[in-house]
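Structure record follows, encoded as structure tokens.
Heavy-atom basis, side chains included; hydrogens, waters and symmetry copies ignored. Here, residue 1 is the first one in the sequence, and each next residue gets the next number.
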Amino acid sequence: MTSLYDRWLNDLWNGDLDTLDDVAAGLVAEDFTGHWPGRPALVRGPAALAEVIRQGRLPFEGLTFTAEVGPLAEGNLIAARWSARGAYAGGAHALPGVTAAPGTAVEFHGHDLLRIEDGRPVEYWVISEAEQLMAQLTGA
């Protein structure tokens, strides 16, 4: 199952934005549900997952996600801690409240937990250290 997480991270989160919809459709279950902090069941289905990833990556240049711990697999669950590094792009995809100049280097971390059925992710929980990212972008 760890190779499944490699595909999750490398093909989906680090992959080509132009093929994101096809990658998500080929990787996750049709009834996939994604949970973000404070927003349970925010994402339903591969297309919605691709869109959330796209919107999260567009404000950055060269954003790359790397597994730092794991992936660890037990039963039908996969867990990992990741880091993300890149630069703030600003411009057309500027984030509200951000005062950082385009090109500002960023690094943030998070945790993934995936539930697998029939070899495909069907449910996803993420804890992303968004406060750490926003502190870098607002000087707070």
Is [Y] reachable from [X] through a run of I, L, V, M, F, W or Y residues, each pair having side-chain heavy atoms under 4.5 Å apart?
X    : Y   : result
L63  : L58 : yes
L114 : L42 : yes
L12  : L17 : yes
W8   : L4  : yes

*Candidate pair W36 and S128, rule side-chain contact (heavy atoms from CB on, under 4.5 Å), full reasoning*: CA-CA 8 Å; W36 273 253; S128 178; 5.7 Å; no
Can you name the residues that form a salt bridge (charged side-chain N to carboxylate O under 4.0 Å, His left out) with [X], not counting sequence neighbours?
X   : result
D11 : R7
E61 : none
E30 : none

Looking at every heavy atom in both [X] and [Y], which two are closest together, and how far apart are they?
X    : Y    : answer
A89  : P102 : O-CB, 3.4 Å
V126 : P37  : O-CD, 3.2 Å
A29  : V122 : CB-CG1, 3.4 Å

*Of all residues at least two apart in sequence or in a different chain, which pass the side chain to side chain donor-acceptor pair (under 3.5 Å) check with H93?*
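Result, side chain to side chain donor-acceptor pair (under 3.5 Å) vs H93: none returned.
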*For the atom pair CG (L27) and CG (D22), what is the distance rounded to the nearest 0.5 Å?*
12.5 Å
*asked:* So, taking the atom named OG1 in T33 and the one named OH in Y124, what distance separates them when rounded to the nearest 0.5 Å?
replied: 13.5 Å
_Over 12 non-hydrogen atoms of neighbours within 6.0 angstrom of CD1 in I127_ =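 Not more than 12 within 6.0 Å, no.
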*asked:* Is it the case that atom CG in D16 sees more than 12 heavy atoms from other parts of the structure closer than 6.0 Å?
replied: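 More than 12 heavy atoms, drawn from other residues, nucleotides or ligands, come within 6.0 Å of this atom.
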_List the residues meeting side-chain contact (heavy atoms from CB on, under 4.5 Å) with L95, not counting sequence neighbours, and say none if there are none._
P59, F60, Y88, V98, L137
*Apply side-chain contact (heavy atoms from CB on, under 4.5 Å) to M134 and F108, showing your working.*
CA-CA 9 Å; M134 290 310 291; F108 60 103; over 6 Å; no
_Side-chain donor/acceptor of R120 to backbone N/O of F32, under 3.5 Å_ = no
Show me the donor-acceptor pairs within less than 3.5 Å that the side chains of residues 77-86 make with the rest of the protein, sequence neighbours left out.
residue, atom, partner, partner atom, Å
R81, NH1, H111, NE2, 3.2
R81, NH1, E129, OE2, 3.2
W82, NE1, D112, OD1, 3.0
S83, OG, E68, OE2, 3.0
S83, OG, R85, NH1, 2.7
R85, NH2, E107, OE2, 3.0

*Would you say the side-chain atoms of E51 and Q55 include a donor-acceptor pair closer than 3.5 Å?*
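Checked: E51/Q55 side chains pair up, N/O donor to acceptor below 3.5 Å.
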